[in-house]
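Notes follow once the structure below has been shown.
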Amino acid sequence: MWPEILLRLASGQARYSIPEEQAEGSFVGNIARDLGLDLGRLVAGKARIITKEDRQFVDLKRDKGTLVVKERIDREELCGKTTPCSFSFDIILENPIQLYRVTVEVVDINDNSPSFPQSEINIKIAENAVVGTRFSLENADDSDVAINDIQSYALRPSNDFKLEIQSQPGGPKFIEMILQKPLDREREESLTLMLIASDGGEPHRSGTVRIHISVLDANDNAPVCTQPVYKVDVPENSPAGTVIIRVSANDADAEREESLTLMLIASDGGEPHRSGTVRIHISVLDANDNAPVCTQSVYKVDVPENSPAGTLITTVSANDADAGLNGDVTYSTPHVTKEEEQLFHVNVKTGEIKLTGLLDFEKSKNFQLKVQASDQGGYSDTCKVIVNILDENDNVPTIKLMSFSQSIPEDSPPGTTVAVFNVYDEDSEGNGVVKCSINDDVPFKIESSLTGYYTIVTENVLDRESIPEYNVTITVSDQGSPPLSSSKNINVKISDVNDNLPEFHQSEYIKTVPENNTPGFSVFTVSGSDADWGQNARMSYFLEEKEVNGAAVSSFVSINSENGVIHAVKSFDYEQIKSFDFNVTARDSGSPPLSSVATVRILIQDQNDNAPQVLYPVQTGGSLLAEMVPRSADVGYLVTKVVAVDVDSGQNAWLSYKVHKATDRALFEVGLHNGEIRTVRQVTDKDAVKQRLTVVVEDNGRPSRSATVIVNVAVADSFPQVLSEFTDLSMHDKEYNDQLTFYLVLALAVVSFLFITCLLLIISVKVYRWRQSRVLYHSNLPVIPYCPPRYSDTLGTGTLPHVYNFEVCRTTDSRKSDMKNMQAMSQSLVSVDGADTDMLHVNKELSGNCSQMSTLVSQMLYFFILFFFQLKTVTCCQVRRWSLHASSLQIDSMVA
């Protein structure tokens with residue numbers, strides 16, 4: 001079991017540790033709890049993970065506030081041999097923007113076994129190699145790290161050699177095989193060893209490689225003669241060139257010495273003893289008994305990145321004390337990685353190391369090469385070449401937007417976050433130090449948050465009505481030589497806030513409206529504007545509740561809430577109301593809504609819509625009133641005065657009087673402006689007693705309106721003369737009344753005739769229909785029995801279990817009827833008589849027709865009587881009215 005997941009939280013950062021190769025969905029940590037965030041904040045803020053790389057190993061469950069593994073994490077693929085291995089990402093929340101850095105450390109598990117580059121290693125060693133000679137071996141590789149990496153090597157068998165591991169600070173380990181005892185080719189020509197590499201993880205893993213050693217022969221044995229003494233008899237006088245004997249010797253070495261000096265002596269047996277000698281010279285070749293030695297054990301060189309291929313990095317060299325072929329040294333790099341093999345090349349003869357690929361400081365900052373110098377006899381020496389890569393300013397800073405609010409409210413306070421972006425420069429030191437800036441003509445500034453992260457915040461108060469949007473240019477430059485820079489443009493829109501009141505184009509509106517307008521008449525339009533935008537600028541118009549002359553203002557005018565058009569609800573009458581005012585409210589659609597008020601005053605313009613009204617003389621609907629003028633009246637005698645008024649105003653109420661008709665135009669005149677009727681001349685005996693004047697009263701309107709009044713003037717000195725004249729007038733009226741009565745009686749007779757004719761016509765039609773039905777019923781056509789509904793069937797399945805017959809007798813002049821209940825018929829038998837049924841049907845139809853006819857006649861008679869009495873009543877009333885009028889005239893004359 002792995003220990004509990006570790007967490008470190010400090011200033012908006014969290015760190016977790018998980019083992020590699022976890023299954024998808026595995027729990028990483030409770031980020032909500034560890035950062036002190038509420039789950040609702042994660043959801044509302046649209047919390048999400050932002051990574052620099054394209055791959056995302058961890059996923060955020062916003063509803064649970066946890067981090068889980070999104071895809072399999074391979075520590076070796078992610079970090080290689082780098083320890084500790086970790087990856088970082090950021091969690092960003094919006095509204096307001098918050099940024100948290102999260103680091104996840106990936107713990108190594110022992111999932112890789114040690115392995116050697118080759119399955120077999122071949123080594124050649126001279127048999128005369130001294131004890132302690134070192135032979136370099138290839139290292140095994142294990143992708144795991146720490147305890148799971150290679151911890152030990154073992155050599156089997158270990159009789160002739162032993163292993164020694166050399167560790168160098170900051171570099172890899174070197175394995176060397178050391179000769180423990182001399183080799184003897186004559187005894188054993190080759191050796192086979194097994195090298196075992198083991199890690200320290202659980203479960204334990206190991207890797208092996210076979211080592212094959214070939215023992216090279218050395219001149220380590222002297223020649224040995226086959227016989228120590230050779231004896232031979234030679235006759236004297238033997239010719240020259242005679243073979244006396246063959247001497248032989250054996251040498252255990254593979255090769256003879258090339259240079260040896262021997263003395264061959266030949267002796268005879270005579271007396272005196274005689275002998276002869278010959279010198280034998282043998283040339284001995286050099287033996288490879290010296291190993292090459294590197295002139296330097298460590299070479300250090302600095303190479304700028306991006307150096308071109310073919311660049312000479314350094315030259316390694318080694319010396320060998322042997323001569324000839326044994327002193328020839330070759331150079332190689334047997335223990336290099338695939339990347340190093342692609343980047344570097346060692347000249348076998350000269351030891352020059354040249355660049356074959358492109359170096360990238362951002363990928364690898366240094367390399368360590370192990371160069372081996374070898375002679376032809378299997379002797380070798382190694383030296384280390386350390387290549388340090390120098391960084392160059394070859395990477396442009398990159399800008400990545402983490403979060404960006406395309407629009408912010410105009411009432412945002414200073415310090416409101418607009419955007420969060422990350423700046424990354426892969427170069428190091430001064431080449432990787434960046435400086436961020438934005439253009440000066442915007443009300444924003446840059447603040448640094450976490451390392452490499454910057455926020456753009458508002459610096460001043462915003463006003464959308466002044467500037468609705470800003471173009472912000474983010475510029476990032478490093479401090480390299482020459483400096484590199486990049487930029488990014490963002491557009492920030494300022495969203496509207498309802499901070500402006502609607503404004504009317506006028507604070508007070510005054511409008512004159514002629515009276516007698518049609519209802520719905522468009523009076524005028526109030527309008528305004530709102531500096532806001534969208535819904536905040538959408539204005540609606542309303543009337544403020546108010547009473548005008550005791551009635552609501554809405555009963556006088558209405559307003560269109562959309563366009564502000566004011567309509568008249570009813571027709572205005574200047575004589576009732578001359579002006580009124582009210583308030584109109586303009587309200588926008590913001591939240592909360594804002595409003596303003598304007599005053600509207602409506603002035604009613606008078607129209608000449610009223611005719612003058614005569615107050616005197618009083619017109620009594622036909623009654624004759626007379627003014628008496630004595631025959632002794634002088635010129636200018638005031639007969640009477642016509643008094644009239646006009647309810648209109650202004651010039652529409654200016655009245656003028658004139659005589660329209662007169663019995664004697666030369667006798668009377670009327671004042672143009674005062675309505676006084678005066679005599680124009682002296683009254684004489686020739687003037688008629690009864691004088692009739694028609695006076696027209698006219699106003700000054702356009703068009704003008706007028707009223708007419710009849711003034712009766714009696715020219716007489718005594719009352720009896722006046723009475724006799726007006727009595728003749730009453731007799732004339734009586735004759736007129738007699739003629740009217742005659743016409744009324746004639747109309748009554750015509751109506752009665754038409755009524756009787758219609759009655760006879762209706763009776764004739766009913767009788768004709770009855771006779772036609774009788775002819776149909778007495779015909780020989782077959783009769784189809786008809787069972788009325790609600791009769792029970794023979795099977796007793798109807799809705800009524802019993803059948804009842806009812807006999808109904810009713811009179812036309814009585815509201816009472818007799819009903820007789822008959823005995824129920826059998827449920828199983830139903831008797832239907834066709835003839836009886838037909839007769840019953842005819843009788844019922846005839847009875848119904850007679851009933852309808854009698855009812856119709858009664859109604860028509862009723863209406864005729866009612867019409868007659870109404871006509872009679874009207875006639876009587878008219879006659880009585882004429883009689884009363886004549887009597888009134890006589891009484892008035894007598895009173896006068």
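From I604, atom CD1 reaches atom OG of S649 across 12.0 Å, with rounding to the nearest 0.5 Å. To the nearest 0.5 angstrom, D111 atom CG is 6.5 Å from D74 atom CG. With rounding to the nearest 0.5 angstrom, the CG atom of D108 is 9.0 Å from the SG atom of C85. How far CG of D427 is from CG of L484: 7.5 Å, rounded to the nearest 0.5 Å. Atom OG of S485 and atom NZ of K435 lie 12.5 Å apart (nearest 0.5 Å). Going from atom CG of L42 over to atom CZ of R62 covers 8.5 Å, rounded to the nearest 0.5 Å.
No more than 12 heavy atoms of other residues, nucleotides or ligands lie within 6.0 Å of CD in E341, so this atom counts as exposed by the packing criterion. Counting heavy-atom neighbours within 6.0 Å of E392 CD, excluding the residue itself, gives a total above 12. For NZ of K61, the number of neighbouring non-hydrogen atoms (other residues, nucleotides, ligands) closer than 6.0 Å is 12 at most. With a 6.0 Å radius and a threshold of 12 heavy atoms from other residues, nucleotides or ligands, Q56 has its CD atom above the threshold. Atom CZ of R48 is surrounded by more than 12 heavy atoms from other residues, nucleotides or ligands within 6.0 Å.
N439 places no side-chain N or O within donor-acceptor distance of the main-chain N or O of V472, the cut-off being under 3.5 Å. N560 places a side-chain N or O within donor-acceptor distance of the main-chain N or O of E562, the cut-off being under 3.5 Å. With hydrogens and angles ignored, the 3.5 Å screen pairs a side-chain donor or acceptor of T458 with a backbone N or O of P413. Looking only at distances, a side-chain donor or acceptor of H567 sits under 3.5 Å from a matching main-chain atom of G520. With S403 contributing its side chain and V420 its backbone, the two residues share no donor-acceptor pair below 3.5 Å.
Between Y574 and D648, the side chains place no donor N or O within less than 3.5 Å of an acceptor N or O (distance only, hydrogens not considered). A side-chain N or O of N498 and one of D588 form a donor-acceptor pair less than 3.5 Å apart. For the residue pair Q651 and R702, no side-chain donor N or O sits within less than 3.5 Å of a side-chain acceptor on the partner. A donor-acceptor pair shorter than 3.5 Å can be found between the side chains of S428 and D391. A donor-acceptor contact under 3.5 angstrom links the side chains of E544 and T585, judged on distance only. Residues N395 and D425 have side chains that never bring a donor and an acceptor to within less than 3.5 angstrom of each other. Donor-acceptor pairing under 3.5 Å is lacking for the side chains of S86 and T103.
Geometrically, K511 does not engage Y509 in a cation-pi contact defined by less than 6.0 Å to the ring centre and at most 45° from the axis. Taking the centre and axis of the six-membered ring of F580, the NZ or CZ atom of R601 falls outside the cone set by 45° and 6.0 Å. The cationic atom of K488 (NZ for Lys, CZ for Arg) does not lie both less than 6.0 Å from the six-membered ring centre of F421 and within 45° of the ring axis.
A salt bridge between K445 and E459 is absent, with no side-chain N of the basic residue lying under 4.0 Å from a carboxylate O of the acidic one. The pair E77-R75 does not count as a salt bridge, with every side-chain nitrogen at least 4.0 angstrom from each carboxylate oxygen. Here K81 pairs with D149 in a salt bridge; the nearest charged N to carboxylate O distance falls below 4.0 Å. Using a 4.0 Å cut-off between charged nitrogen and carboxylate oxygen, D499 and R464 do not count as a salt-bridge pair. The existence of a salt bridge linking E24 and R72 is excluded, since no basic side-chain nitrogen approaches an acidic carboxylate oxygen closer than 4.0 Å.
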List the steps and the verdict of side chain to side chain donor-acceptor pair (under 3.5 Å) for T599 and E508.
CA-CA 5 Å; T599 301; E508 183 178 4; over 6 Å; no
Take Y16 and D34 through the test side chain to side chain donor-acceptor pair (under 3.5 Å) and record every step on the way to the result.
CA-CA 10 Å; Y16 297 95; D34 299 334; 2.7 Å; yes
Residues L78, F87; criterion side chain to side chain contact (heavy atoms under 4.5 Å, CB included); working and verdict:
CA-CA 9 Å; L78 182 65; F87 61 91; 3.8 Å; yes
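Shown are I386, L359, N388; of these, the side chain to side chain contact (heavy atoms under 4.5 Å, CB included) with F367 is made only by L359. When each of S412, S591, P409 is paired with V497, the side chain to side chain contact (heavy atoms under 4.5 Å, CB included) condition holds for P409 and for no other.
Within the structure, the side-chain hydrogen bond (donor to acceptor under 3.5 Å, both in side chains) test picks out the following pairs touching residues 514-527 (sequence neighbours left out): H505-S527, N516-D609.
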